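Have a look at the structure below, then the notes.
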Amino acid sequence: MLEYLKDNYWIILLILNYVIAISAVITVVLKNINPTKTLSYIIVLVFFPFFGLLVYYLFGQEYRKTKFLAGNMF
């Protein structure tokens with residue numbers, strides 16, 4: 001089993017990346033944001049395997065809004 005993982009680690013990483021990317025695409029589609037922005041994120045996530053996830057999680061999430069709302073609740 002360990003030998004199989006060593007021989008196919010790149011394929012396993014790509015599959016894991018695309019599973020995470022598909023969940024990110026579903027999240028992007030369910031948000032009500034600009035369609036151009038949505039399509040741009042989907043293209044980046046699909047065509048740039050690891051770089052696309054990095055770009056989406058660094059620039060695609062709006063952390064300011066959630067921190068702002070959470071700070072006003074208390």
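Nothing here was measured: the structure is a model prediction, and the numbers come from that model. We count residues from 1, following the sequence as given.
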Might you point out which heavy atoms bring Leu45 and Ala24 nearest each other, and give the distance in Å? CD1-CB, 3.8 Å
From Ser23 atom OG to Leu53 atom CG, the distance as rounded to the nearest 0.5 Å: 8.0 Å
What are the two closest non-hydrogen atoms of Val28 and Thr38, and how far apart are they? CG1-CG2, 3.4 Å
For Val46, all residues meeting side chain to side chain contact (heavy atoms under 4.5 Å, CB included), sequence neighbours excluded: Ile42
With ILVMFWY side chains joined below 4.5 Å, transitively, what does Leu30's cluster contain besides itself? Ile22, Ile26
CG of Asn17 to CD1 of Ile12: how many Å apart, nearest 0.5 Å? 13.5 Å
hydrophobic_cluster_shared for Leu16 and Tyr57, side chain cutoff 4.5 Å: yes
Listed partners of Ile11 passing side chain to side chain contact (heavy atoms under 4.5 Å, CB included), at least two apart: Asn8, Ile15
Residue pair Phe59 / Val44, side-chain heavy-atom distance below 4.5 Å: no
Taking transitive links into account, so neighbours of neighbours count too, which hydrophobic residues share a cluster with Trp10 at under 4.5 Å side-chain distance? Tyr9, Leu13, Leu14, Tyr18, Phe50
Going by side chain to side chain contact (heavy atoms under 4.5 Å, CB included), name the residues that satisfy it together with Asn34, two or more places apart in sequence or in a different chain. Thr36, Lys37
